[in-house]
There are 2 protein chains.
Amino acid sequence: MDGPTRIPTLADVASAAGVSLSTASLAFSGNKPVSGTTRQRVLDAATALGYPGPNPIARHLRQGRSGVVGIALGPISTAFRDPAALPMLDAVSEVLGAAGLGLLLMGDSDVHEQPLLPLDGIVYNICGRESWPAYDDYAARGVPIVVVEGPDWPGATSVDVESRAGSAVLARHLADLGHERVATLTLEPSHPQRERLAGLREVFPEAEVIGACPSDTASAQRLAADYLAGGPGVTAVVCQSDVQAAAVVAEARRLGLDVPGDLSVAGFDGVPTPWLDLELTTVVQPLRDKGHATATALLALVAGEPAPDVVLPVELRVGASTGPARSA
Amino acid sequence: MDGPTRIPTLADVASAAGVSLSTASLAFSGNKPVSGTTRQRVLDAATALGYPGPNPIARHLRQGRSGVVGIALGPISTAFRDPAALPMLDAVSEVLGAAGLGLLLMGDSDVHEQPLLPLDGIVYNICGRESWPAYDDYAARGVPIVVVEGPDWPGATSVDVESRAGSAVLARHLADLGHERVATLTLEPSHPQRERLAGLREVFPEAEVIGACPSDTASAQRLAADYLAGGPGVTAVVCQSDVQAAAVVAEARRLGLDVPGDLSVAGFDGVPTPWLDLELTTVVQPLRDKGHATATALLALVAGEPAPDVVLPVELRVGASTGPARSA
DNA sequence: GGGTACCGTCGAATCGATTCGATCGAAACG
DNA sequence: CGTTTCGATCGAATCGATTCGACGGTACCC
């Protein structure tokens with residue numbers, strides 16, 4: 001009878017309750033005192049009409065805030081394969097949630113253009129400005145930005161881990177074990193990736209790059225198979241994620257190599273690899289701290305306060321996957 | 001000098017360009033013809049002022065559409081550990097992207113209340129209405145909803161796979177191999193979970209439930225270790241994801257059991273498990289088709305057209321992880 | 001009893017765009 | 001030359017709320 005059942009607005013509720021629009025608004029927001037009986041009349045009218053609550057879009061237009069922050073994670077298909085992403089996301093979500101802010105995961109739409117979202121702030125994780133076109137749009141609109149392990153960007157707060165230093169410490173560990181020829185399996189090009197490679201090259205300037213692939217078992221295993229099949233010309237392989245390292249260990253064993261007897265393998269991140277019966281030597285980064293620092297910085301920015309850059313320490317964890325270099 | 005540098009609005013651009021507000025709007029949207037010289041004057045003025053383009057919030061308020069659809073995935077910390085989620089997400093993102101719609105991943109905030117987002121449509125994946133409070137809010141606001149493998153819900157289009165039938169086919173395969181006592185490792189309670197369990201019980205009414213855990217290696221391995229350590233009272237373990245199945249295989253071997261000689265293990269999903277040197281017997285579900293059907297249904301609903309429910313077939317893939325029951 | 005606070009309510013302005021309908025001028029037509 | 005038509009432009013209404021300032025009434029204090 002009444003067409004496509006228009007959704008009632010606050011104005012409908014107000015007139016049904018016999019109060020003014022402003023009073024009805026106050027009854028919902030509680031921003032100014034409203035008498036108990038009036039509030040009840042408004043709420044009853046709302047229920048009777050099936051009013052779904054204040055329209056968020058309208059509220060945001062007026063208030064200029066949406067209560068939602070986004071986190072850009074790069075391409076959906078790879079962003080979540082890496083177990084290192086999860087503890088950080090958890091921590092971010094915890095801190096923001098406690099502050100009453102919603103968290104939105106933004107997969108990189110890559111090909112298609114994402115419409116601009118009403119966000120109070122954005123975290124760019126790993127994926128830097130170059131791989132995220134909307135960056136400029138949000139920046140121009142004055143949306144506070146935190147860049148995690150990305151290139152410096154004026155106006156944005158950065159959260160970093162000591163990728164380069166950590167990588168160098170790991171390299172030195174290998175050098176101490178007598179390794180001279182090492183190769184590395186890298187992730188796809190990114191800022192922390194370049195830093196880590198630089199750290200490795202501080203100690204092994206000639207380190208060979210086997211190839212780059214996402215942090216998932218299948219890709220790493222394929223690359224490792226090709227490389228190791230010819231008989232490794234190296235005594236150690238440094239990987240840029242633990243998932244890759246685990247894959248390399250598995251592949252080396254399949255080819256009859258003993259780890260670490262014939263080949264030392266190291267990872268990065270410090271995430272559990274329960275399917276491996278060997279503790280990896282790796283560089284442990286404080287994933288939850290990273291998320292915590294990120295969210296805290298963003299909260300400060302959203303509140304209009306300055307947020308200093310953060311650099312988090314990493315720690316070498318020596319496991320059972322690295323050992324003395326096989327003598328020539 | 002000019003305070004906190006207010007972001008210019010379309011009105012600023014219009015007056016700078018010497019045209020009316022409406023003309024400036026037309027120059028950006030192209031919804032009605034504007035002379036070339038006028039358009040250029042507007043665009044130049046916009047550039048000069050640093051105008052970041054039409055404010056999306058204001059546009060959405062007027063148009064009633066946001067160009068963004070959300071997909072609810074359940075708790076962040078578990079939703080992405082399952083490799084089965086990714087191909088589906090990919091497919092959804094592809095179809096929606098091609099239609100010019102943005103995709104938003106909504107991690108379940110669980111504890112904290114997520115502010116309502118301006119969405120044109122929502123996909124509830126696995127997580128049903130019960131685990132997603134905002135469901136009712138969006139439904140009340142008339143947002144089109146597609147429920148993937150969730151309980152039926154009036155007004156929402158559902159996309160399902162034949163979980164129950166597939167599970168039953170797998171069970172029959174085991175029965176044919178002579179298995180009589182089987183146990184199952186389930187995922188956390190959910191709609192498809194119950195269906196699959198029902199399918200299994202069609203054939204093995206007494207099947208024992210070892211326990212429920214997320215689809216990640218660590219959790220499954222822990223459960224399997226406890227169960228198998230006492231000497232398995234069963235000849236086959238049916239898992240509800242391939243990741244779990246792979247973990248059970250690994251754990252069984254660690255305990256000296258041969259798979260499938262001593263124990264048959266089956267999975268569900270049909271995703272690659274490259275770190276396992278054994279092809280799993282599993283129920284393959286068409287993950288990409290599922291995503292495709294989901295996105296297509298949502299597009300129809302957003303366009304105001306009806307979208308019929310969809311049920312997708314599954315297929316038993318017999319691998320090398322199941323074999324004849326060890327005779328008593 | 002008169003003056004001051006304060007509480008509850010209301011009207012109107014506002015956020016930043018889109019869009020309907022009207023207007024104006026120039027081109028096309030009979 | 002008068003009329004119609006069409007395209008470009010503009011003014012004003014609109015989307016659905018929040019919020020500022022004003023107003024009237026009651027309670028309280030001296």
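Within every chain, numbering begins at 1; the chains are lettered A, B, ... in the order of the sequence lines, protein sequences first and strands thereafter. Values reported hereafter were calculated over all heavy atoms of this structure, with side chains retained and with hydrogens, waters and symmetry mates removed.
Contacts between residues 37-49 of chain B and DNA chain D, counted as heavy-atom distances below 4.0 Å, involve B:Thr38. Residues of residues 56-70 of chain A that place a heavy atom closer than 4.0 Å to DNA chain C, in numerical order, are A:Leu61, A:Arg62.
Using five terminal pairs a side, the axes of the helix from C:dG1-D:dC30 to C:dG30-D:dC1 at its two ends make an angle of 40°, given in steps of 10 degrees.
Here side chain to side chain donor-acceptor pair (under 3.5 Å) pairs that include residues 46-65 of chain B, with residues two or more places apart or in two chains, number zero.
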Pairs under 3.5 angstrom, nitrogen or oxygen only, protein versus nucleotides 21-27 of chain D, please.
unit_1: D:dG21; atom_1: O6; unit_2: A:Lys32; atom_2: NZ; d: 3.1

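Proximity of a side-chain donor or acceptor of B:Arg141 to a complementary backbone N or O of A:Ile7 within less than 3.5 Å is not detected. At least one donor-acceptor pair under 3.5 Å links the side chain of B:Asp309 to the backbone N or O of B:Ser158. Distance alone, capped at 3.5 Å, places no donor-acceptor pair between the A:Tyr138 side chain and the A:Leu116 backbone. Between the side chain of A:Asp44 and the backbone N or O of A:Arg41 there is no donor-acceptor pair closer than 3.5 Å. Checked by atom type and distance alone, the side chain of B:Ser66 pairs as donor or acceptor with a backbone atom of B:Pro118 at under 3.5 Å. Side-chain atoms of B:Thr157 never come within 3.5 Å of backbone atoms of B:Ala297 as a donor-acceptor pair (strictly under, hydrogens ignored). No donor-acceptor pair closer than 3.5 Å links the side chain of B:Ser93 to the backbone N or O of B:Leu89.
OP1 or OP2 of C:dT9 sits under 4.0 Å from a side-chain N or O of A:Ser35. The phosphate of C:dT19 (OP1 or OP2) has a side-chain N or O of B:Asn31 nearer than 4.0 angstrom. Applying the 4.0 Å criterion to OP1 and OP2 of C:dA17, one finds that B:Tyr51 has a side-chain N or O inside that range. Contact annotation: A:Thr23 side-chain N/O to C:dC10 OP1/OP2 distance is under 4.0 Å. Side-chain N/O atoms of B:Ser20 include one lying less than 4.0 angstrom from OP1 or OP2 on D:dC10.
Residues B:Ala46 and B:Val13 come closest through the heavy atom pair N-CG1, 3.8 Å. Closest approach of B:Leu103 to B:Ile71, counting heavy atoms only: CD1-CG2, 3.8 Å.
Every residue was checked against the salt bridge (Lys or Arg N to Asp or Glu O under 4.0 Å) condition with B:Asp120, not counting sequence neighbours, and none meets it.
To the nearest 0.5 Å, the span separating CG on B:Asp289 from NE2 on B:His292 amounts to 8.0 Å. In this structure, B:Thr294 OG1 and B:Leu298 CG are separated by 8.5 Å, a value rounded to the nearest 0.5 Å.
Using a 4.0 Å heavy-atom criterion, one finds that B:Ser25 contacts the bases of the nucleic acid, with or without backbone contacts as well. Among the protein residues, A:Gly36 comes within range of no part of the nucleic acid, since none of its heavy atoms lies under 4.0 Å from any strand. Here A:Ser22 lies in heavy-atom contact (under 4.0 Å) with a base.
Atom P of nucleotide C:dG16 and atom CG of A:Asn55 are separated by 17 Å, given to the nearest angstrom. For A:Leu116 and C:dA17, the CG to C1' distance is 14 Å, given to the nearest whole Å. In this structure, the CG atom of A:Leu26 is 14 Å from the P atom of C:dG11, given to the nearest Å. The distance from atom CG of B:Asp12 to atom C1' of C:dC15 is 13 Å, rounded to the nearest whole Å. Remark: C1' of C:dA17 and CG of B:Leu21 are 7 Å apart, rounded to the nearest angstrom.
Between B:Tyr124 and B:Tyr135, the ring planes are tilted. Angles from 30° to 60° get that label.
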